[in-house]
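The structure under discussion appears below in the form of structure tokens.
All residue numbers in this chain count up from 1 along the given sequence.
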Amino acid sequence: MSTVTRLRRLDEAVEAVVFERSEYISYASCGLPYHVNDTVTEGDLAVLTPERVEELFDVEVRTGHEVVDVDPDTRQVVVERPDRTETVDYDALVLSPGAAPIKPPIDGLDSVETHTMRTIEDARALRERASADDVDHALVVGGGYVGLEIADTLDEAGPSVSLVELFDRVMPRTLDPAPAAIVHNHLRDRGIDLRLETGVNTLRDGDRTTAVLDDAELRTDLVVLATGVSPRTELAEAAGLDQHESGAIRVDERLRTSVPDVYALGDAAAVPSAAGGHAWVPLGGPANRAGRVLGSVLAGQDSRLDPVQDTAIAKVGDLTVGTVGATERAPGSADEPLEKVYVYPPSHAEYYPGGDRLWLKLLFDPIDGTVRGAQVVGRDGVDKRTDVVATAIQHGDTVLDLAGLDLAYAPPYGSAKDPVNVAGMAAENVCDGLVEQVHWDEVLDGEVTRELIDCRPPEMRDADGHIPGSSNVPLPELREQVEELPDEVAAYCKMGQSSYMATRVLGQHGVDAVNLAGGYTLYEAVRRDREARNTAMGDD
């Protein structure tokens with residue numbers, strides 16, 4: 001619909017026909033999970049009706065019509081309609097068949113009632129079932145964006161929730177282990193039964209549904225499959241179009257396929273990626289931007305789609321999780337390792353009420369400082385910081401550029417040094433060689449052989465806990481005790497700032513000092529997540 005409405009705004013004379021197999025067009029699919037707990041009404045989900053499109057844009061919209069075949073040689077499509085099958089000619093064909101929910105290989109899947117979340121009808125059915133008197137427990141299979149949102153809304157709607165994820169973390173495609181640990185801990189704190197690295201092998205029907213997991217059985221009243229989607233490829237195969245490794249239709253920056261006058265976009269298309277090559281990114285933002293570009297292309301303009309960066313955001317309970325660009329697991333080629341910093345700044349001025357700290361992980365090239373990715377977790381201001389970093393990546397900015405960004409500041413909204421500035425400054429220090437880092441996994445896995453120095457005040461160390469085997473040398477006392485320290489130390493504090501200062505002091509007094517990135521707070525978040533996983537596996 002973005003394509004056809006843009007085309008009409010540019011060309012009043014073109015004849016445009018839309019085929020849609022369902023009864024709905026242009027609905028807010030990203031809002032579907034929020035219909036489960038009535039945060040969003042069904043009426044709010046419908047952005048445009050066929051009647052409204054025809055009235056405003058003079059576009060013929062045929063609902064209940066499914067295109068089942070494409071013949072590029074004759075420039076025709078075969079359409080199944082309620083009363084018959086017909087063949088329709090075209091001059092230009094736009095394919096936007098979307099994606100379909102993945103059906104996981106679970107024994108007994110077809111013998112029990114399950115729900116997915118792809119259409120308004122899906123959201124309506126899940127809301128009605130979740131509100132039934134006999135539903136006390138819900139099982140959500142899959143911990144991606146949709147699975148997390150459904151678990152959140154079901155938890156608010158009333159049932160207790162178990163969330164099962166096959167990988168070792170939620171949002172596995174875009175979230176690295178440390179930020180994921182913060183999300184895991186939050187889900188558990190909310191009372192959600194989180195089971196990672198766990199598959200569902202069998203579903204059995206009965207008075208209640210029995211879910212046989214890898215190492216346990218669950219009795220549940222409601223099963224939601226949120227195991228992802230796959231691009232609908234039937235029409236691409238019928239037309240002989242080149243396909244991406246994901247199965248999606250490969251298109252160029254003008255949304256052209258490998259066949260003349262056939263275009264594709266949305267969840268069915270793999271588009272040019274900022275990381276190089278093509279990427280299948282089934283998200284609403286890139287799809288809508290592609291629609292506008294394609295409408296302009298069809299109207300004869302030289303419009304082009306910018307490469308996608310995979311910028312995304314999700315609500316997880318009281319937290320917001322934002323991601324953009326490269327992850328630590330997939331930084332690029334093996335000879336291009338990325339460096340990372342973690343900062344934990346306040347979302348706005350600490351003295352102004354209502355703020356909260358947020359985690360910001362920044363990934364960058366350690367040689368030239370180019371910003372490559374970020375992951376942000378917090379309760380307030382996550383969207384703003386994610387979008388700022390996304391803009392910086394799109395324009396090829398470096399960490400020095402981030403440090404110098406002139407961003408809006410007033411106490412209710414930010415700080416004189418915005419979290420993005422702080423992340424850029426921390427990364428700049430790494431690039432300039434002012435600090436050498438060690439990371440939480442090296443400490444947890446016993447790879448750090450240096451003496452660990454805790455630079456916090458003793459009362460903070462006693463209250464919050466400490467890394468086993470570390471000694472306590474508060475920052476104000478460091479200069480007095482520098483002669484007593486070994487030649488090599490690893491310093492840490494609560495969030496990494498005081499220990500960075502400690503490394504600067506120690507380095508200028510002849511001590512080889514490295515800083516624990518993210519501080520004790522990040523270390524403890526990951527340690528707590530690991531402990532919870534091990535405990536859950538032991539209980540099962």
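Between the side chain of Asp380 and the main chain of Gly355, no donor-acceptor pair closer than 3.5 Å is present. Formation of a donor-acceptor pair under 3.5 Å by the Arg304 side chain with backbone atoms of Glu253 is not found in this model. When atom types are taken as modelled, the side chain of Thr202 and the backbone of Val212 share no donor-acceptor pair closer than 3.5 angstrom. Without hydrogens or angle criteria, His184 side chain to Arg169 main chain gives no donor-acceptor distance under 3.5 Å. Distance alone, capped at 3.5 Å, places no donor-acceptor pair between the Lys417 side chain and the Pro419 backbone.
No hydrogens or angles considered: nothing links the side chains of Thr153 and Asn37 as a donor-acceptor pair under 3.5 Å. Side-chain atoms of Asp383 and Thr386 include no donor-acceptor pair closer than 3.5 Å. Counted by atom type alone, Asp454 and Tyr492 present one or more donor-acceptor pairs between their side chains at under 3.5 Å. Defined by atom type and a distance below 3.5 Å, a donor-acceptor pair is missing between the side-chain atoms of His137 and Ser160. Side-chain polar atoms of Ser499 and Asn515 form a donor-acceptor pair below 3.5 angstrom. Under the 3.5 Å distance criterion, with hydrogens and angles disregarded, a donor-acceptor pair is assigned to the side chains of Arg461 and Ser470.
A salt bridge links Asp418 with Arg385: the distance from a Lys NZ or Arg NE/NH1/NH2 to an Asp or Glu carboxylate oxygen falls below 4.0 Å. By the 4.0 Å N-to-carboxylate-O rule, Arg190 lies close enough to Asp318 to be salt-bridged with it. Under 4.0 Å is where a charged nitrogen must lie from a carboxylate oxygen, and between Asp214 and Arg195 no such pair does. Using a cutoff of 4.0 Å between basic side-chain nitrogens and carboxylate oxygens, Arg530 and Asp445 are scored as salt-bridged. A salt bridge links Glu524 with Arg527: at least one charged nitrogen is closer than 4.0 Å to a carboxylate oxygen. One finds no salt bridge joining Lys340 and Asp176 here, because no Lys/Arg side-chain nitrogen approaches an Asp/Glu carboxylate oxygen to under 4.0 Å.
Counting only residues at least two apart or on different chains, no salt bridge (charged side-chain N to carboxylate O under 4.0 Å, His left out) pair has a member in residues 487-506.
Note on ring orientation: taking the six-membered ring where Trp is involved, the planes of Tyr344 and Trp359 are parallel (angle under 30°, cut-offs 30° and 60°).
Nearest heavy atoms, Pro366 versus Leu338: CD-CA, 4.3 Å. What you find for Ala130 and Leu154 is that their closest heavy atoms are CB-CD2, 3.6 Å. For the residue pair Arg456 and Asn472, the shortest heavy atom distance occurs at O-ND2, 3.0 Å. Between Pro286 and Val281, the shortest heavy-atom contact is CG-CG1, 4.5 Å. Ala279 and Val308 make their closest contact through CB-CG2, 4.4 Å (heavy atoms, listed as atom of the first residue, atom of the second, distance). Residues Cys431 and Gly369 approach most closely at SG-CA, 3.9 Å, considering heavy atoms.
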